[in-house]
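I have placed the structure first, in the form of structure tokens, so that the comments after it can refer back to it.
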Amino acid sequence: QVHLVESGGGLVQPGGSLTLSCAREQRNSNNYALAWFRQAPGAEREFVAAISWSGGRTYYADSVKGRFTIAKDDAKKTLSLQMNSLKPEDTAVYYCAAGLIRDFAKTIRTGISESHMDFWGKGTLVTVSL
């Protein structure tokens, strides 16, 4: 079992920055890839960014590439999402997720979706507005 708790959401102006964190509690020794997804009002949940269990590979949605950075600290058991140059269309509830992705490099060739994730946090709201 993996328990995930997001924090760091809030209101930020367009062009601003925000860092989300996800605290991870894990009761097994599985090696999980970690990811961020988001769900805007009235929209389906979509993939944002992912990092392999080793931390050696990252993968981003085109909409956030160059603006967002995913990272993890295994010692602190945390996952982060640094978000820069935020836009109103980044407004959403952001979810942290963990999944057993055996071959990360192969999986990202066709993309990462909700079906790859096994555990989810409850989300944190990010609002980008004046």
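- At least one donor-acceptor pair closer than 3.5 Å links the side chain of Ser52 to the backbone N or O of Arg57.
- You'll find the side chain of Tyr95 stays beyond 4.5 Å of the side chain of Leu4, heavy atoms only.
- Cluster annotation: Leu34 and Tyr94 are assigned to the same hydrophobic cluster (Ile/Leu/Val/Met/Phe/Trp/Tyr, side-chain heavy-atom contacts under 4.5 Å, transitive).
- Linking Ile, Leu, Val, Met, Phe, Trp and Tyr residues whenever their side-chain heavy atoms come within less than 4.5 Å places Ile70 and Val48 in a single cluster.
- Here Leu11 contributes atom CG and Thr91 contributes atom OG1; the two are 8.5 Å apart, rounded to the nearest 0.5 Å.
- Residues Ile112 and Met117 meet the side-chain proximity criterion, which asks for heavy atoms closer than 4.5 Å.
- The backbone N or O of His3 sits nowhere less than 3.5 Å from a side-chain atom of Glu25 that would complete a donor-acceptor pair.
- Arg24 and Asp73 are not joined by a salt bridge, as no carboxylate oxygen comes within less than 4.0 angstrom of a charged side-chain nitrogen.
- Atom NZ of Lys72 is separated from atom OG1 of Thr58 by 12.0 Å, given to the nearest 0.5 angstrom.
- Atom NZ of residue Lys87 and atom CZ of residue Arg67 lie 4.5 Å apart, to the nearest 0.5 angstrom.
- With contacts defined as side-chain heavy-atom distances shorter than 4.5 Å, the pair Thr124/Ser7 does not qualify.
- Hydrophobic clustering of Ile, Leu, Val, Met, Phe, Trp and Tyr side chains at less than 4.5 Å, counting indirect connections, unites Tyr60 with Val126.
- Proximity of a side-chain donor or acceptor of Gln26 to a complementary backbone N or O of Val2 within less than 3.5 Å is not detected.
- Gln82 approaches Ser17 most closely through the heavy-atom pair NE2-CB, 3.9 Å.
- For the pair Trp36/Phe68, no side-chain contact is recorded, criterion being any heavy-atom separation below 4.5 Å from C-beta on.
- Aromatic rings of Trp53 and Phe104 (six-membered ring for Trp) have centroids beyond the 6.0 Å cut-off, not under it.
- Under the 4.5 Å side-chain heavy-atom criterion for Ile, Leu, Val, Met, Phe, Trp and Tyr, Ile101 and Trp120 are members of the same hydrophobic cluster.
- Looking only at atom types and distance, the side chain of Ser129 has no donor-acceptor partner in the side chain of Thr127 under 3.5 Å away.
- Glu46 has a carboxylate O that lies under 4.0 Å from a charged side-chain N of Arg38, or vice versa, which qualifies the two as a salt bridge.
- Judged purely by atom type and a 3.5 angstrom limit, Gln1 has no side-chain atom pairing as donor or acceptor with the backbone of Asn28.
- The shortest distance between side-chain heavy atoms of Met83 and Leu20 falls below 4.5 Å.
- Annotation: Glu89, atom CD; neighbour count of heavy atoms from other residues, nucleotides and ligands within 6.0 Å is above 12.
- Nearest heavy atoms, Gln39 versus Glu44: CG-C, 4.0 Å.
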